[in-house]
Number of protein chains: 2
Amino acid sequence: MTLRNRCQLCSVRDCAPCSELTAGTADELARIVHRRRIPMGQILYGGVNQAKTFSIIVEGVVKLVNVQPDGSNQIVGLQFPSEFVGRPFAEGAPMVAEAATDLEVCAFSGSAFETLMQTHPDLERTIFKRTLDDLDTARQWMSMIARKTAEERVASLLMLIARKFGGKAEMAGLTSGALEFNLPLSRTEIAECLGLRLETVSRQFAALKAEGIITTGRRRGLKVADLTALGQRAQGLLHA
Amino acid sequence: MTLRNRCQLCSVRDCAPCSELTAGTADELARIVHRRRIPMGQILYGGVNQAKTFSIIVEGVVKLVNVQPDGSNQIVGLQFPSEFVGRPFAEGAPMVAEAATDLEVCAFSGSAFETLMQTHPDLERTIFKRTLDDLDTARQWMSMIARKTAEERVASLLMLIARKFGGKAEMAGLTSGALEFNLPLSRTEIAECLGLRLETVSRQFAALKAEGIITTGRRRGLKVADLTALGQRAQGLLHA
DNA sequence: TGTTTCGATTGATTTCTATCAATTTGGCGG
DNA sequence: CCGCCAAATTGATAGAAATCAATCGAAACA
């Protein structure tokens with residue numbers, strides 16, 4: 001029986017943790033994992049008296065939200081399938097992780113997972129590496145928000161989502177062809193990601209539609225007709 | 001002989017690593033540490049064919065710079081005395097760490113330090129926790145840049161620097177009194193931190209001076225006359 | 001099928017910051 | 001001491017996005 005079959009984490013294609021973990025650690029993880037379905041809007045961690053939990057996303061998108069004193073929300077990160085959600089060693093987390101869509105996750109109780117990290121250095125190392133990647137990502141986002149125009153920001157986010165959600169084959173080259181998918185975020189959430197107002201986001205969508213680069217379907221449907229052009233508008237791709 | 005005396009890291013007041021490390025690990029660290037003086041402008045890591053090194057800052061400030069394709073720079077982080085500078089497990093780091101002032105650091109060769117992390121889980125745990133803190137910090141900065149006005153951003157950065165550099169006693173309460181120090185950054189660098197142009201930063205300084213909240217001395221001198229008012233302009237303090 | 005509602009779109013206008021363009025200031029070397 | 005150079009300041013203007021204000025459209029419901 002392969003690692004893939006023993007560990008529930010590995011139901012996700014390209015599930016990084018398992019490939020880096022020893023068989024023993026994967027066994028231990030499988031013992032404490034709980035597969036969960038989580039509805040859109042539910043808080044995964046943060047907020048008030050929330051029990052600490054860690055998750056690996058199997059399906060869906062999680063948004064990390066920073067609630068400002070004035071009541072406005074800033075989305076400071078998005079987590080996609082196979083990614084880790086949680087804040088180890090935190091007394092009170094400054095951010096809130098919320099299901100942006102309905103989710104399917106592998107969930108671990110905070111205490112069990114942290115104990116396992118203590119005793120299994122390979123697990124801690126894996127989460128550490130992911131945290132370093134998240135840090136790089138956060139800093140690139142910061143650069144984008146600080147320096148890019150509204151058009152470049154919207155195009156950048158659409159490219160990012162297209163890479164995560166778009167058809168697998170079409171995206172291999174990442175530079176051409178068309179593809180279609182559903183946006184995991186509302187206009188308001190997109191604005192909260194990019195440091196823009198929703199009206200501005202809407203206008204940028206309109207501009208991209210007018211240029212024939214995208215078409216919006218009903219609900220949250222989006223078709224990218226010209227991936228190359230969208231990439232050019234983005235002025236550089238985001239790492240995650 | 002106390003830990004404080006054995007480990008060169010601990011010459012910095014409140015040096016977190018040592019207080020969290022076992023005596024054995026601190027010994028090992030002391031064995032591979034090199035105290036260094038580094039002139040302003042020198043690259044600590046990143047850039048082209050740079051040997052990987054890790055450092056703990058004893059004196060001075062390090063800026064983490066993201067060089068954009070268009071040539072502009074975005075400063076995505078500042079590191080102050082006692083903080084860790086380095087990017088473990090990176091093939092090629094996307095950021096460049098540069099001495100914003102003349103520095104005094106405890107330096108470790110990349111290979112020696114990473115080996116030590118492998119064999120001493122308490123060291124890895126310590127650096128992991130710092131990375132998580134850096135991630136929280138980066139995300140708060142992102143929120144600030146995305147949502148605050150130019151005045152709020154400048155005031156926020158000045159408050160942050162004041163907390164790090166200002167007189168120790170005066171800052172205890174953090175809310176009142178006056179204090180004086182030298183800015184570790186030029187106007188251009190402040191602009192690069194905040195996602196603004198240097199002219200805008202200069203105008204915000206002028207406005208704060210006109211209101212009697214600050215006075216600028218010669219060179220990079222700054223005197224904060226009304227810390228309370230500066231804090232109000234900042235609309236919420238930055239965590240780091 | 002009509003109505004309600006929430007999200008999205010579009011329009012008009014204002015505000016803030018970037019941009020372009022001189023000056024001014026302070027530090028440094030001759 | 002003077003002049004040069006880099007950094008900082010100040011001014012005038014343009015431009016991008018925010019803001020204010022309707023309107024539209026699709027899904028949900030009676």
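First the proteins, then the strands, lettered A, B, ... as listed; each starts at 1.
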**Complete:** Of B:Arg220 and A:Arg153, the one whose closest nucleotide on DNA chain D sits nearer the 5' end is B:Arg220
**Prompt:** Checking A:Arg87 against A:Tyr45: charged group under 6.0 Å from the ring centre and within 45 degrees of the axis?
**Reply:** no
Could you check how far [atom1] of [X] sits from [atom2] of [N], rounded to whole Å?
| X | N | atom1 | atom2 | result |
| --- | --- | --- | --- | --- |
| B:Asp70 | C:dA18 | CG | P | 14 Å |
| A:Arg219 | D:dA27 | CZ | P | 8 Å |
| B:Ile145 | D:dA17 | CD1 | P | 16 Å |
| B:Leu185 | D:dA7 | CG | P | 14 Å |
| A:Glu192 | D:dA18 | CD | P | 13 Å |
| B:Leu196 | D:dA17 | CG | C1' | 15 Å |
| A:Gln204 | D:dA17 | CD | P | 6 Å |
| B:Lys148 | C:dT15 | NZ | C1' | 20 Å |

**Message:** C:dT9, OP1 or OP2 - any side-chain N/O from A:Arg187 closer than 4.0 Å?
**Reply:** yes
**B:Arg218 vs C:dT25: side-chain N/O to OP1/OP2 distance below 4.0 Å** = no
Describe the nucleic acid contact of [X] in one word from base, sugar-phosphate, nothing, applying a heavy-atom distance below 4.0 Å.
| X | value |
| --- | --- |
| B:Gly221 | nothing |
| B:Thr149 | sugar-phosphate |
| A:Gly217 | nothing |
| B:Leu198 | base |
| A:Ser186 | sugar-phosphate |

**Asked** Can you say whether the rings of B:Phe80 and B:Phe165 are parallel (under 30°), tilted (30 to 60°) or perpendicular (over 60°)?
**Response** perpendicular
Considering only side-chain heavy atoms of [X], which listed nucleotide, [options], is closest?
| X | options | value |
| --- | --- | --- |
| B:Arg197 | D:dA27, C:dA18, D:dT10 | C:dA18 |
| B:Arg203 | D:dT10, D:dA17, D:dT9 | D:dT10 |
| A:Thr200 | D:dA17, D:dA27, C:dA18 | D:dA17 |
| A:Ser202 | D:dA27, C:dT10, D:dT10 | C:dT10 |
| A:Thr188 | C:dA8, D:dA17, C:dA18 | C:dA8 |

Does the pair [X]/[Y] count as a salt bridge with the N-to-O cut at 4.0 Å?
| X | Y | result |
| --- | --- | --- |
| B:Arg187 | B:Glu192 | no |
| A:Arg233 | A:Glu152 | no |
| B:Arg36 | B:Glu104 | no |

**Message:** Is a donor from one side chain sitting under 3.5 angstrom from an acceptor on the other, for B:Thr215 and B:Lys209?
**Reply:** no
**Request:** Look at the side chain of B:Glu199 against the base of C:dC20 and say whether a donor-acceptor pair falls under 3.5 Å; ignore hydrogens and angles.
**Result:** yes
